[in-house]
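Note that this is a predicted model, so its numbers are computed, not measured. Residue numbering restarts at 1 for every chain, and letters A, B, ... go by the order of the sequence lines.
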Number of protein chains: 4
Amino acid sequence: MSSKGTPSSIVNAAEELFAEQGFAETTVRQITSRANVNLAAINYHFGSKKGLIQAVAEKFITPLINELSNQMDCYVDTDVKPALDDLLEILMRALLIVRSENQNTLPVFMRLLELAYMNNQEELRDFLIGRYKSRLEHFLDCIRDDSAPMEDDEFFWRLHFMLGSMTFTLSNFQTLHSLEKSRFTSKQSETEMEQILHRMIPVLSAGMQARGEKLYFSKI
Amino acid sequence: MSSKGTPSSIVNAAEELFAEQGFAETTVRQITSRANVNLAAINYHFGSKKGLIQAVAEKFITPLINELSNQMDCYVDTDVKPALDDLLEILMRALLIVRSENQNTLPVFMRLLELAYMNNQEELRDFLIGRYKSRLEHFLDCIRDDSAPMEDDEFFWRLHFMLGSMTFTLSNFQTLHSLEKSRFTSKQSETEMEQILHRMIPVLSAGMQARGEKLYFSKI
Amino acid sequence: MSSKGTPSSIVNAAEELFAEQGFAETTVRQITSRANVNLAAINYHFGSKKGLIQAVAEKFITPLINELSNQMDCYVDTDVKPALDDLLEILMRALLIVRSENQNTLPVFMRLLELAYMNNQEELRDFLIGRYKSRLEHFLDCIRDDSAPMEDDEFFWRLHFMLGSMTFTLSNFQTLHSLEKSRFTSKQSETEMEQILHRMIPVLSAGMQARGEKLYFSKI
Amino acid sequence: MSSKGTPSSIVNAAEELFAEQGFAETTVRQITSRANVNLAAINYHFGSKKGLIQAVAEKFITPLINELSNQMDCYVDTDVKPALDDLLEILMRALLIVRSENQNTLPVFMRLLELAYMNNQEELRDFLIGRYKSRLEHFLDCIRDDSAPMEDDEFFWRLHFMLGSMTFTLSNFQTLHSLEKSRFTSKQSETEMEQILHRMIPVLSAGMQARGEKLYFSKI
DNA sequence: TATGAATGAGCGTTCATTCAT
DNA sequence: AATGAATGAACGCTCATTCAT
């Protein structure tokens, strides 16, 4: 299951621990211990803990973006504009494909996105933006084309409302899954991550297509 | 509002630092230093750093729930069922009121919710659930009454999609605000937090009211 | 012998180890171990290892400068200008007094001066210059008054020739002492540090009073 | 001069870094990185970091001693005894010649001498003494012949006062040069290392020829 | 002959907490 | 009630060296 080689063992162990505990809470000693490698190996192969986190990020995002691009190519030679639901399904499908190649570690990827938006993480943010922004633009343009008409800034914020739904739900999937099971024990809900991604599509889609803004509420 | 007393100074300083840096990243030294109190004061007054975090949580959530209850009382003697948009506006309004009483620290509250959903945070989660769950149920029932008809589990997840939008957007407000300003410099966008809360209402509302689910995508 | 209190124990242990091994070669674990205090005590009391080195520096230099000033005050109300030999004797005497208050640790002080002149030690250098430069100026002026007439830059370099003799001899006193004993075993030379300081006076004095410069040698 | 071969590249890189930072402060990674060779190459070719330092030492001292011997041969067939100033000029000249063959790395040589006099460096000291002591004796005898009459031990110490001036001034030349420039900006002093060596001659000479010792100062 | 990978030991520092007063 | 001092544990990281090829 684990690939060959020390760097690969490290990345695999790190993914598990990052998913279980978060980045700051996971120590290099825990990682190297679980990977059965020397304590210094992380610094040797990745330069620093930060470098390892970036390596983990790349391992996820690169195939995700590739898969997204591949799926979008279906539309490139036709006049058909993809519907919002279809675009979101492409996105969810890409996430699931990446997950199938990185057993059970979608939460790590989502935590990475959350991390990138935190203060004091400009470095990671700039790294990701510099590396992947351009490759995402076509996809986002298509999203916008089937969304309700709106200003640039409104689109910016709605995209992040969407992103928030995804990162919160997936990075805390384990907790939410437990909560759901303990509340609705009767139904023996087989809530798997795939199902949750599926549930998200009509909700997010409706959010992007919602028209009109409520009037600003008076100052309080 | 004023900060008479050591415990109060500590809580105020902690709020600021938690908002700026997150909980794990904020040290008790930073807190006591900013509060101009002794290093040992946190352990003395709150038992531990965790105890302080709970104290901060209570300071936010109690007035929030109170405000929410007050607003809901308007409907209690009538047959009028509040519309989803109105319920969300009540929620946003309550958030803004709490904010006005705890200058600029809505992000802390949102980070607290995120924290409560993390693994290894059962203690905080149980604390919040045990303390506030019952007082939220009426509000949530009203939400459900104006949402699209759906199963319990679907409602559970949609609520958390909503929660994700709110926590992600508000806890990372500073970063998102910067990103928006650097992208759309021309418009001199005066994006304030109030405006963002306002923008969220129709989006979240549409999400909860979205009908029909896409067919499950085939296994991959 | 050792003063009371943790900081004092640390400084005493540090002095010994710095003298034996140098600054970089001495670890905080060695220091805290010899001082029988907790490993974290250095950072608690001095902020960092660098802070401890500065504290050691101050403990030496402050009384040295004070002693120097006291001795120089003898000349302040008279018209007598002190002779170069007398000035050097004042200096040596001040060094010995400081040594008598900090048992056997003149080598540490000399190593400190050497350290301050190294690259990448601007911080220490600036610290010392900012703190003590002005208090040394009168003494240096008197030195110059009884030296051979020379330009500013020539005086600057001759002062440092002198400083080099002192730092090299004293910071390596232990090694030199051993070498001397092994070479001249017959004489059972009782070379003590006081004697060496004494030997230096006529040599340094002659150097400062040497007149005329040799012609520049041709380019090679 | 050219750097064909891995060992040669290593030595050249090491010289530069030793001059800039000192021996302990320079890591084998820095050296191999600047030399563009494998990290293990130092241990492979020189056994250890210490072995490399010895190799650097030899590269300097052997030609220095050779040059010194050559110059001294001028006097071998005559009855003329060289004057102290001439001997010092021969020494300075030899240093400059070695420097011209090892671009700008006189400070390294001086640091090497300082290092050899430190505690815990018996190995290096013994290596140098065993290799070069005998070849220096004639030169030192000539020095003594034109110095003031003195006992063996007095001569031993005066030699090291001289050595201290040289090592301190040259190994810290960069710092001293900066200090001088910042103090005497007006004169646009073209202080080069050659000039400093030149300035040293009359000072050191006078020191060696100084007669009479001051009376021992009373115990304090 | 030469190297990329790996290692054990140790580094200075920081942490939340506790102790003695 | 409150605090300055102190602590044990752990942190990420770097070191010169060695190993397997």
Thinking salt bridges, do C:Glu20 and C:Arg111 make one under a 4.0 Å N-O criterion? no

Starting from P on E:dC15, measure out to CG on B:Leu52 and report it in whole angstrom. 16 Å

Strictly distance-based, threshold 3.5 Å: is any side-chain N or O of C:Arg125 a donor or acceptor partner for the main-chain N or O of C:Ala116? yes

D:Thr27: side-chain contact (heavy atoms from CB on, under 4.5 Å) partners, not counting sequence neighbours: D:Arg29, D:Gln30

Are the side chains of C:Tyr132 and C:Thr62 in contact, using a 4.5 Å heavy-atom criterion? yes

Tell me, please, which residues at least two apart from C:Arg131 pass side-chain hydrogen bond (donor to acceptor under 3.5 Å, both in side chains). C:Glu58

For C:Lys59, what residues pass the side-chain hydrogen bond (donor to acceptor under 3.5 Å, both in side chains) criterion, not counting sequence neighbours? C:Asn12, C:Glu15, C:Asn102

Where is the tightest heavy-atom contact between C:Pro7 and C:His45, given as atom of each residue plus distance? CG-ND1, 3.5 Å

Taking every heavy atom of C:Gln21 against every heavy atom of D:Met118, the minimum-distance pair comes out as O-CE, 4.5 Å

Angle, rounded to 10°, between the helical axes spanning five pairs at each terminus of the helix from E:dA2-F:dT21 to E:dT21-F:dA2? 30°

Can you sort out which residues in residues 36-49 of chain A have a heavy atom within less than 4.0 Å of DNA chain F? Ascending by number, please. A:Leu39, A:Ala40, A:Asn43, A:Ser48, A:Lys49

Closest approach of D:Ala35 to D:Ser9 (non-hydrogen atoms, all atoms of both residues): CB-O, 3.6 Å

Name every residue in residues 16-32 of chain A that has at least one heavy atom under 4.0 Å from any atom of DNA chain E, in order of residue number, or write none if there are no such residues. A:Arg29

Within the 4.5 Å heavy-atom criterion, are A:Phe109 and A:Val56 side-chain neighbours or not? no

For atom NZ of C:Lys50 and atom P of E:dC11, their distance in whole Å: 18 Å

